[in-house]
There are 2 protein chains.
Amino acid sequence: MSSPSDLTARARIRDSALKLFAERGIDRATVRDIALDAGVSSGLLRHHFGSKEGLRDACDEFALGEITRIGSRFTTFQVLDRIDPGVRLLQRYLIQSMLEGSAAGNALFDRMIEYAEQWLATTDIKVADPRAFVAVLSAMKLSMFTMRDQLSRVLGEDVDEPSGWARMLQASVEIFSQPIVTPAQAEQVRNAFARLDSPTPEE
Amino acid sequence: MSSPSDLTARARIRDSALKLFAERGIDRATVRDIALDAGVSSGLLRHHFGSKEGLRDACDEFALGEITRIGSRFTTFQVLDRIDPGVRLLQRYLIQSMLEGSAAGNALFDRMIEYAEQWLATTDIKVADPRAFVAVLSAMKLSMFTMRDQLSRVLGEDVDEPSGWARMLQASVEIFSQPIVTPAQAEQVRNAFARLDSPTPEE
DNA sequence: ATCGCCGCTACACGAGCGTGTAGTAGCCTA
DNA sequence: TAGGCTACTACACGCTCGTGTAGCGGCGAT
C-alpha cells in the first residue's frame with residue numbers, strides 16, 4: 001500500500017488483489033487479472049498464497065491491520081478533508097467484506113459496535129436497547145460508504161471528491177444533530193409495538 | 001409471486017429468478033439453478049427471456065411494478081408487524097439492485113429521494129442542502145436492509161423475525177427522534193469545512 | 001388433413017475460471 | 001563444486017458458465 005514497484009512481488013500481488021477485490025468484488029476479480037495487475041504470473045500468486053481464498057485471507061489480515069494502525073477514522077465523525085487513496089481502498093475492501101459477511105468484515109463491524117458502545121456511555125443519551133441502538137447507528141454511518149455510488153449519482157458529483165464528500169458529511173451531521181421524527185411520531189411507533197406485544201385485549 | 005405451481009412456466013421462472021437473484025446476487029445465481037428451481041429446462045428460460053440479462057430486465061420490471069402496486073412501505077417509517085415473505089423478497093432483490101447500480105435500483109432510489117423531498121417540505125426542518133440531506137437520510141434508512149446480516153449477527157436474532165425487526169425499527173426511531181451529536185459538535189464540523197473552503201487566512 | 005407456430009427438452013459449443021504440474025534460473029549452504 | 005531450496009514461468013486440466021442448435025408434441029387455422 002506504499003510505493004508502486006519497489007516492493008516484493010508478494011506485497012505487490014496483495015496490493016493488486018486488495019485493489020481489484022475492492023473495485024469489482026471478490027468473484028469478479030480473477031486471479032489472472034490480479035497477477036496481470038501486479039506484473040507477475042498467475043502461478044506465482046498461487047505459489048505465495050496457495051489459493052484465491054488464501055490470498056483473500058492475506059488481504060483480510062492486512063486490511064484489518066492497516067486500518068487499526070492508521071486509526072479508527074472509520075468509526076468516528078472526524079472530518080477528513082482529504083482522504084488518502086490507499087485508505088479509501090482499504091475502506092472499500094472492508095465495506096465489501098462487511099456486506100458479504102466475511103471474517104474480516106464481521107470483526108470490523110464488531111469493533112465498530114464496541115467503539116460505539118463506549119461512546120454511548122460517555123453521552124447522556126437514554127435508550128431502551130443500547131445494543132440495537134449502536135448497531136443500527138453504526139449501520140447508518142456505514143451507509144454513506146455502501147451507498148456511495150447512488151449518493152454520487154443523486155448528488156451529481158463524486159462523494160469521493162472533496163466537494164461531494166463535504167456535502168455528504170455535513171448532511172449526516174444535520175441529520176444527527178436534530179430530531180427527524182417528532183415525539184408524537186415516535187410515541188406512535190412505540191404504541192404500535194406495545195400493542196403487538198400484549199395479547200390483543202379483546203376481539 | 002403468488003401460489004407455487006399453478007402459474008405459467010414463464011411466471012415461475014421469473015419468480016425463481018427473483019428469489020435466487022435476491023438470495024445469491026446476480027452473478028452467483030446461474031440460469032441452470034433458476035431453471036431447476038422453476039422445474040423447467042434451462043432452454044425454456046432462454047426461449048422466454050432471450051438471455052440472462054433479459055431475465056434480469058423482466059425481474060426488474062416486475063419487482064418495480066409490484067413494489068409500486070403494493071405501496072411505498074419501503075420509503076416510510078410505517079410499522080410492519082409482519083412482512084409478507086414475497087414482499088421481503090422484492091425488497092432484497094431491489095436492495096441488491098441498488099447496491100449494484102442497475103437501472104431498476106437507480107429508479108427506485110430516485111423515487112425514494114423524490115418521496116423524501118416531498119416529505120421534507122411538509123416538515124419545518126431547516127437544512128442547508130436539502131438534496132444531500134434526503135439522499136443521505138434515504139441511504140441511512142436503507143442501511144437497515146443492506147446491513148441486515150451484520151445486524152442480525154450483532155443482535156443475536158434475525159431482524160426478519162418479528163422480535164428482531166421490532167428492536168431494529170425502534171432503535172431507528174430512537175436515533176431519529178433525538179439529537180445524536182451536540183450543537184457544539186455540529187458547529188465544530190461546520191467550522192472545519194468553512195475553514196477548508198476559504199483560502200487559508202494567513203501563513 | 002396438414003401446415004405452422006408455440007412451449008418445451010436435450011445436448012453440444014466455446015469461453016473463462018481456479019487449480020495442478022513441470023520446469024528453469026539464481027542463490028545459499030556444505 | 002555439488003546439492004537443494006526459493007522465486008518464478010509456461011502450459012495444461014477440468015469444471016461451470018451463458019449461449020447456440022436441433023428437434024419433438026400439441027393445438028389452432030386453413
Side-chain angles (χ1 to χ4, degrees), chain A residues 1-62 93 96-97 100-104, chain B residues 1-62 93 96-97 100-104:
Chain A
M1 199 57 32
S2 30
S3 50
S5 63
D6 57 303
L7 281 166
T8 67
R10 191 174 200 280
R12 263 184 299 133
I13 293 172
R14 194 233 301 123
D15 285 356
S16 293
L18 207 62
K19 185 174 86 180
L20 294 185
F21 283 155
E23 285 174 358
R24 306 185 193 170
I26 307 294
D27 288 345
R28 275 194 275 263
T30 71
V31 297
R32 282 170 174 83
D33 282 348
I34 293 170
L36 190 68
D37 187 85
V40 299
S41 74
S42 66
L44 186 59
L45 187 150
R46 188 161 168 66
H47 173 67
H48 278 306
F49 298 97
S51 68
K52 188 180 185 179
E53 192 174 329
L55 176 56
R56 219 244 143 115
D57 292 341
C59 287
D60 278 4
E61 187 186 338
F62 177 76
Y93 177 82
Q96 289 254 19
S97 299
E100 162 194 352
S102 81
Chain B
M1 200 57 28
S2 32
S3 49
S5 64
D6 56 301
L7 282 166
T8 67
R10 191 175 199 279
R12 263 182 299 133
I13 293 172
R14 194 234 301 123
D15 285 356
S16 292
L18 207 62
K19 185 175 85 180
L20 294 185
F21 283 157
E23 285 174 358
R24 306 185 193 170
I26 307 295
D27 288 345
R28 275 194 275 263
T30 71
V31 297
R32 283 170 173 83
D33 282 348
I34 293 170
L36 190 68
D37 187 85
V40 299
S41 74
S42 67
L44 185 59
L45 187 150
R46 188 162 169 68
H47 174 66
H48 278 305
F49 299 97
S51 69
K52 188 180 185 179
E53 191 174 328
L55 177 55
R56 221 242 142 120
D57 292 342
C59 286
D60 277 4
E61 188 186 337
F62 177 76
Y93 177 81
Q96 290 255 18
S97 299
E100 162 195 351
S102 81

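Below, chain A is the first sequence line, B the second, and so on; all start at residue 1. In this text, all values refer to a predicted model and were calculated from it rather than measured experimentally.
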Peer 1: Does A:His47 put a side-chain nitrogen or oxygen below 4.0 Å from OP1 or OP2 of D:dT9?
Peer 2: no
Peer 1: Return yes if the base of C:dG7 and the side-chain atoms of B:Arg10 contain a donor-acceptor N/O pair under 3.5 Å, otherwise no.
Peer 2: no
Peer 1: With the side chain of B:Leu44 defined as its heavy atoms from C-beta on, choose the nearest nucleotide among C:dT19, D:dC8, C:dC8.
Peer 2: C:dC8
Peer 1: Can you measure B:Leu20 atom CG to D:dG18 atom P for me and round it to whole angstrom units?
Peer 2: 12 Å
Peer 1: Can you tell me how far the CG atom of B:Leu44 sits from the CZ atom of B:Phe49, to the nearest 0.5 Å?
Peer 2: 8.5 Å
Peer 1: Looking only at N and O atoms, is any donor in the side chain of A:Arg32 or the base of C:dG18 less than 3.5 Å from an acceptor on the other one?
Peer 2: yes
Peer 1: What is the distance, to the nearest angstrom, from the CG atom on B:Leu45 to the C1' atom on C:dA10?
Peer 2: 15 Å
Peer 1: Could you tell me whether A:Glu61 atom CD has more than 12 heavy atoms of other residues or ligands within 6.0 Å of it?
Peer 2: no
Peer 1: Look at the side chain of B:Ala9 and decide which nucleotide, out of C:dG18, C:dC8, C:dT19, has an atom nearest to it.
Peer 2: C:dC8
Peer 1: Does B:Arg24 CZ have over 12 foreign heavy atoms under 6.0 Å away?
Peer 2: yes
Peer 1: Rounded to whole Å, how long is the line connecting atom CZ of B:Arg28 with atom P of D:dG18?
Peer 2: 13 Å
Peer 1: Is there a side-chain polar atom (N or O) of A:His48 under 4.0 Å from OP1 or OP2 of D:dC8?
Peer 2: yes
Peer 1: Measure from CZ on A:Arg56 to P on C:dG18 and round the result to the nearest Å.
Peer 2: 13 Å
Peer 1: How close or far is atom P of C:dC17 from atom CG of A:Asp33, stated in whole angstroms?
Peer 2: 6 Å
Peer 1: Is any NZ, NE, NH1 or NH2 atom of the basic residue among B:Asp15 and B:Lys19 found under 4.0 Å from an Asp or Glu carboxylate oxygen of the other?
Peer 2: no
Peer 1: From CG of A:Asp27 over to C1' of C:dG18, roughly how many Å is that when rounded to an integer?
Peer 2: 12 Å
Peer 1: Between A:Lys52 (NZ) and C:dC17 (C1'), how many Å, whole number?
Peer 2: 8 Å
Peer 1: Among the nucleotides C:dC17, C:dG7, D:dT9, which one has an atom lying closest to any side-chain atom of A:Ser41?
Peer 2: D:dT9
Peer 1: Would you sort out whether B:Glu100 and B:Arg56 count as a salt bridge (charged side-chain N to carboxylate O under 4.0 Å, His left out), showing the intermediate values?
Peer 2: CA-CA 13 Å; B:Glu100 162 195 351; B:Arg56 221 242 142 120; 2.9 Å; yes
Peer 1: What is the distance from CD1 of A:Ile34 to C1' of C:dT19, rounded to the nearest Å?
Peer 2: 14 Å
Peer 1: Assign B:Ala35 to base, sugar-phosphate, or nothing according to its heavy-atom contacts below 4.0 angstrom with the strands shown.
Peer 2: nothing
